[in-house]
Amino acid sequence: NWLTSIDFNSDNRTFAFGDFKGNLEIAGKFGGYIANIGSPINKILLKPNEGSFLKTVIATRSKGIMLIDAKFMKPNPR
């Protein structure tokens, strides 16, 4: 499975990446979150902090542009 996009937050401790199978992962010092979008992710950007949860903006091949809030993602047990 190929990573197709990665982005780092301004603190360089938090990052997000997406892959060809539609998997989205956010990881950082606080832990991590995972989700499957169901479509290849072409581009991912972490939005600047707007509270206690992170948000990402992703561009997909078939679902367009989506705003994903980490509070709706599954915690990553790693």
Side-chain angles (χ1 to χ4, degrees):
N1 195 18
W2 293 88
L3 291 180
T4 54
S5 186
I6 188 166
D7 189 34
F8 289 87
N9 210 347
S10 60
D11 65 4
N12 284 332
R13 294 183 188 174
T14 306
F15 67 95
F17 61 87
D19 65 25
F20 190 75
K21 292 184 178 180
N23 296 310
L24 167 63
E25 184 169 343
I26 300 173
K29 60 184 178 182
F30 56 84
Y33 298 95
I34 55 174
N36 186 286
I37 306 306
S39 177
I41 297 172
N42 292 334
K43 181 73 175 174
I44 186 167
L45 295 172
L46 283 164
K47 288 189 68 177
N49 291 341
E50 296 179 354
S52 59
F53 284 95
L54 292 170
K55 294 181 182 178
T56 60
V57 178
I58 60 171
T60 67
R61 288 199 181 184
S62 63
K63 294 186 177 183
I65 296 173
M66 302 171 70
L67 176 64
I68 307 294
D69 194 325
K71 69 181 175 184
F72 298 116
M73 296 171 67
K74 294 178 185 176
N76 190 353
R78 285 196 240 174

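Side-chain atoms are counted along with the backbone in the values below, which use heavy atoms only and exclude waters and symmetry mates.
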Output the distance between atom CG (L54) and atom NZ (K71), rounded to the nearest 0.5 Å.
12.5 Å
K55 versus L67, closest heavy-atom pair with distance:
CB-CD1, 4.2 Å
Show the nearest heavy-atom pair for residues I37 and I68, with the distance to one decimal.
CD1-CD1, 4.1 Å
Heavy-atom closest pair (A16 atom, I44 atom, distance to 0.1 Å) is CB-CD1, 3.6 Å
Taking all non-hydrogen atoms of both residues, which atom of F20 and which atom of R61 are closest, and how far apart?
CE1-NH1, 3.7 Å
L3 with F8, same ILVMFWY side-chain cluster at under 4.5 Å:
yes
In this structure, CG of D7 is separated from CG of L45 (nearest 0.5 Å) by 5.0 Å
Inter-residue atom distance D19.CG - N1.CG, 0.5 Å rounding:
4.0 Å
Once rounded to the nearest 0.5 Å, what's the spacing between atom CG of L24 and atom OG of S39?
12.0 Å
Using the rule that two of Ile, Leu, Val, Met, Phe, Trp, Tyr join whenever any of their side-chain heavy atoms come within less than 4.5 Å, decide whether L46 and I41 are in one cluster.
no
Can you tell me if CD1 on I65 sees more than 12 non-hydrogen neighbours from other groups inside 6.0 Å?
no
Taking every non-hydrogen atom, the tightest pair across I6 and F15
CD1-CD1, 4.3 Å
Rounded to the nearest 0.5 angstrom, the CG-NZ distance for N9 and K47 is 12.5 Å
